[in-house]
Visitor: 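The following block contains the structure, expressed as structure tokens.
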Amino acid sequence: MDESQNVAVDYKGRIYIDDELVGICKSSSVEYLGKLNGKLLILCGNEVKYFAENSWYNLGTVQDSFSVKASGELLALLRNEMLEIYDINLSKIFEFKGVLASTVSYKNVFLINKNGYYGILDLFSKEEIKVLNDKINSRSSFSISLTSLPLLDVIPVNGKIRKIDRDRKIVEIDPTNYDLDGNIELNIISHFFSIKRSFRVDIEPPKFSLKDTHILLSPSGYHLKGYPNCNAYMKGELKCSVPFETKAKIYVGKSSFEFDLKKGTQSLDLFLPLLIDNAEPETIKLCVSSFPCKEFVVNGEIADVSQKRSSIVKIVRNSTVYKEMISEIDKFEKIELISRNTEKYDSIVYARIGNNIIIDNKIINVNKSIEKVLVKNGNNYIREYLIVGISDPLKIYM
């Protein structure tokens, strides 16, 4: 059907093209809407119909003829403030929410949304989003250029914006987690639309090396200071180069540790408390996201008992005096009870909540609870107190 053909509708709703009957609209009203790719578009009652290949296609219902706009290349249907844009093949290519009014030209959509914004959108722009760099490593990020960046918000679905330059219209993005498909997804949002775009990226695997790493096991009966359930530790330096900010896991024997890694090249001092069976060499496994894990072998040894240091500590706990011998080797310790005597000590202190009290020259704030306080006097004397907070001073009732 070309532009010179005549379209007519009689009083019975019969539709003619150049006097040839092509359809019947049984509704009381038939309106000619225009042409899409040279094909007839009508409104039969509230139904939008499209004539192509000697048959009619029903495109759905609208409120009135003002809700349908057609040009040579685009069809726009407005329903419940949702504007749907179709191409000449009747494929939906865009969707706009919160639209009050619109029209279309050869390649543009003109619209007003419910917040009062007016826009002219070019749906056929080939240079709207341009990939500047799709290689992600410790020095570079995925970067794109958007010609309309000052009017858009870019929100990564599985990434994090590293830098945005609105003057140069450039956005740099790093993934927040590694996609096995190697894609970064972005939501691009304006006052009029929100679209999701996926970009293929090439992510350089992280690089790791261990330096001066060893495992030290405590002698029998000792444990790692501050870690009563650990009998060893691994110490060393981890050097790494990672393409994006992420988390890493280290597996050593029965233990695992998680820590954060920043994008770029860095060195981390490792001190990992362990529970192991012997001083045999251990396999260290280092894993980052979905990349293949890397394994190292680290030698182990037992701490030298000839370096043992011992001291005796007196501890007062409630009404009992304890004497303990503390033996130390490297970062390990062993505590042995030497004696225990019952003596008369006043170790429970009552005080008003919020007050500060002084015990053995130490200032203690009284809280609404029962708290255990350890007061050290030199290196070999520890006394334990129970501080009981009360809301009001004790009263005597007659």
Side-chain angles (χ1 to χ4, degrees), residues 71 73-74 76 78 81-85 87 92-179 181-204 206 241-247 260-266 288-289:
S71 71
E73 298 288 327
L74 298 174
L78 180 60
E81 297 186 354
M82 177 72 75
L83 181 65
E84 300 170 356
I85 305 296
D87 63 12
K92 187 190 294 186
I93 58 174
F94 267 93
E95 194 173 76
F96 304 97
K97 297 179 181 180
V99 177
L100 296 182
S102 70
T103 189
V104 293
S105 67
Y106 172 74
K107 65 174 184 176
N108 296 111
V109 175
F110 303 80
L111 52 82
I112 300 175
N113 72 6
K114 62 182 181 181
N115 293 323
Y117 291 103
Y118 171 74
I120 304 174
L121 307 179
D122 181 359
L123 302 186
F124 294 90
S125 173
K126 301 299 183 183
E127 301 299 326
E128 181 65 29
I129 303 176
K130 182 179 180 181
V131 176
L132 303 178
N133 177 59
D134 63 356
K135 311 292 183 185
I136 300 177
N137 54 42
S138 61
R139 301 169 303 281
S140 68
S141 302
F142 171 68
S143 61
I144 57 175
S145 173
L146 292 89
T147 56
S148 301
L149 182 59
L151 304 175
L152 300 173
D153 285 327
V154 179
I155 301 177
V157 176
N158 62 334
K160 179 180 180 181
I161 292 180
R162 188 182 185 204
K163 183 180 179 182
I164 184 166
D165 189 332
R166 295 194 178 274
D167 293 331
R168 297 172 59 203
K169 302 176 182 178
I170 294 176
V171 182
E172 296 182 12
I173 300 156
D174 282 327
T176 50
N177 60 290
Y178 178 59
D179 183 350
D181 296 327
N183 295 321
I184 282 184
E185 289 189 32
L186 304 178
N187 281 329
I188 300 172
I189 301 172
S190 77
H191 292 301
F192 307 102
F193 64 85
S194 173
I195 60 174
K196 183 175 287 188
R197 292 287 304 272
S198 181
F199 300 89
R200 185 78 178 177
V201 293
D202 182 9
I203 303 177
E204 180 182 274
S241 177
V242 292
F244 53 84
E245 190 175 296
T246 185
K247 290 184 180 293
D260 296 324
L261 291 177
K262 297 180 180 178
K263 178 185 178 76
T265 301
Q266 57 212 280
V288 174
S289 194

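These figures come from a predicted structure and were not determined experimentally.
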Visitor: Working to the nearest 0.5 angstrom, can you tell me the gap between Ser141 OG and Lys135 NZ?
Guide: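 Ser141 atom OG to Lys135 atom NZ measures 14.5 Å (nearest 0.5 Å).
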Visitor: Does the side chain of Glu81 come within less than 4.5 Å of Lys97's, by heavy atoms?
Guide: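 Side-chain contact under 4.5 Å: no.
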Visitor: Once you round to the nearest 0.5 Å, how far does CD of Glu185 lie from CG of Asn158?
Guide: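 These two atoms lie 5.5 Å from each other.
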Visitor: List the atom of Leu74, the atom of Ser105, and the distance in Å for their closest heavy-atom pair.
Guide: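 Heavy atoms of Leu74 and Ser105 come nearest at CD1-O, 3.9 Å.
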Visitor: Give me the atom names and distance for the closest heavy-atom approach of Ser102 to Leu83.
Guide: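 Answer, listing the atom of Ser102 first, then Leu83: OG-CD1, 3.3 Å.
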Visitor: Compare every heavy atom of Leu78 with every heavy atom of Val99, then report the nearest pair and how far apart it is.
Guide: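 It is O-CD1, 3.7 Å.
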Visitor: Working to the nearest 0.5 angstrom, can you tell me the gap between Phe199 CZ and Ile184 CD1?
Guide: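 Answer rounded to 0.5 Å: 9.5 Å.
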Visitor: Between Ile85 and Lys92, is a side chain to side chain contact (heavy atoms under 4.5 Å, CB included) present by the stated rule, with each step listed?
Guide: CA-CA 6 Å; Ile85 305 296; Lys92 187 190 294 186; over 6 Å; no
Visitor: Assess whether side chain to side chain contact (heavy atoms under 4.5 Å, CB included) is satisfied between Asp165 and Val171, documenting all intermediate values.
Guide: CA-CA 6 Å; Asp165 189 332; Val171 182; over 6 Å; no
Visitor: Of the non-hydrogen atoms in Glu204 and Pro243, which two are nearest, and what is the gap between them?
Guide: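 Heavy atoms of Glu204 and Pro243 come nearest at O-CG, 3.1 Å.
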Visitor: Look up atom CZ in Phe142 and atom CD1 in Ile203, then write down how far apart they are to the nearest 0.5 Å.
Guide: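 Rounded to the nearest 0.5 Å, the CZ-CD1 separation comes out at 10.5 Å.
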Visitor: So does Lys160 pair up with Glu245, basic N to acidic O under 4.0 Å?
Guide: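 Result for this pair is yes, salt bridge flagged.
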Visitor: Could you give me the CA-CA distance, side-chain angles and deciding distance for Ile144 and Leu132, then say whether side chain to side chain contact (heavy atoms under 4.5 Å, CB included) is met?
Guide: CA-CA 5 Å; Ile144 57 175; Leu132 303 178; 5.8 Å; no
Visitor: Yes or no on side chain to side chain contact (heavy atoms under 4.5 Å, CB included) for Asn133 and Val131, after CA distance, side-chain angles and deciding distance?
Guide: CA-CA 6 Å; Asn133 177 59; Val131 176; 5.9 Å; no
Visitor: Are Ile155 and Val157 close enough that some pair of their side-chain heavy atoms sits under 4.5 Å apart?
Guide: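 A side-chain contact is absent here, since even the closest heavy-atom pair is not under 4.5 Å.
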Visitor: Answer yes when Asp153 and Arg166 have at least one side-chain N-carboxylate O distance shorter than 4.0 Å, and no when they do not.
Guide: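 Answer for the salt bridge query: yes.
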Visitor: Could you give the distance from CG (Asn187) to NZ (Lys196), rounded to the nearest 0.5 Å?
Guide: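 NZ of Lys196 is found 5.5 Å from CG of Asn187.
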Visitor: Other residues, nucleotides and ligands only: do more than 12 of their heavy atoms fall within 6.0 Å of OH on Tyr117?
Guide: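 At most 12 heavy atoms, drawn from other residues, nucleotides or ligands, come within 6.0 Å of this atom.
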Visitor: Compare every heavy atom of Lys263 with every heavy atom of Ile136, then report the nearest pair and how far apart it is.
Guide: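 Heavy-atom minimum between the residues: CG2-NZ, 4.2 Å.
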Visitor: For Ser71, which residues count as a side chain to side chain donor-acceptor pair (under 3.5 Å) partner, sequence neighbours excluded?
Guide: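 None.
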Visitor: With a 4.5 Å limit on heavy-atom distance, are the side chains of Asn113 and Phe96 in contact?
Guide: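 The answer is no, as the side chains (C-beta and beyond) never meet within the 4.5 Å cut-off.
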Visitor: Which pair of non-hydrogen atoms, one from Pro156 and one from Leu186, has the smallest distance, and what is that distance?
Guide: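 Nearest heavy atoms, Pro156 then Leu186: CA-CD2, 3.7 Å.
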Visitor: Please identify each residue that fulfils side chain to side chain donor-acceptor pair (under 3.5 Å) with Asp260, with sequence neighbours left out.
Guide: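 Partners of Asp260 by the side chain to side chain donor-acceptor pair (under 3.5 Å) criterion, ordered by chain and then number, come out as Lys247.
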Visitor: Is any side-chain heavy atom of Ile120 less than 4.5 Å from a side-chain heavy atom of Val109?
Guide: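 Not in contact.
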Visitor: About how many Å separate CD1 of Ile164 and CD of Glu172, when rounded to the nearest 0.5 Å?
Guide: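 CD1 of Ile164 is found 10.5 Å from CD of Glu172.
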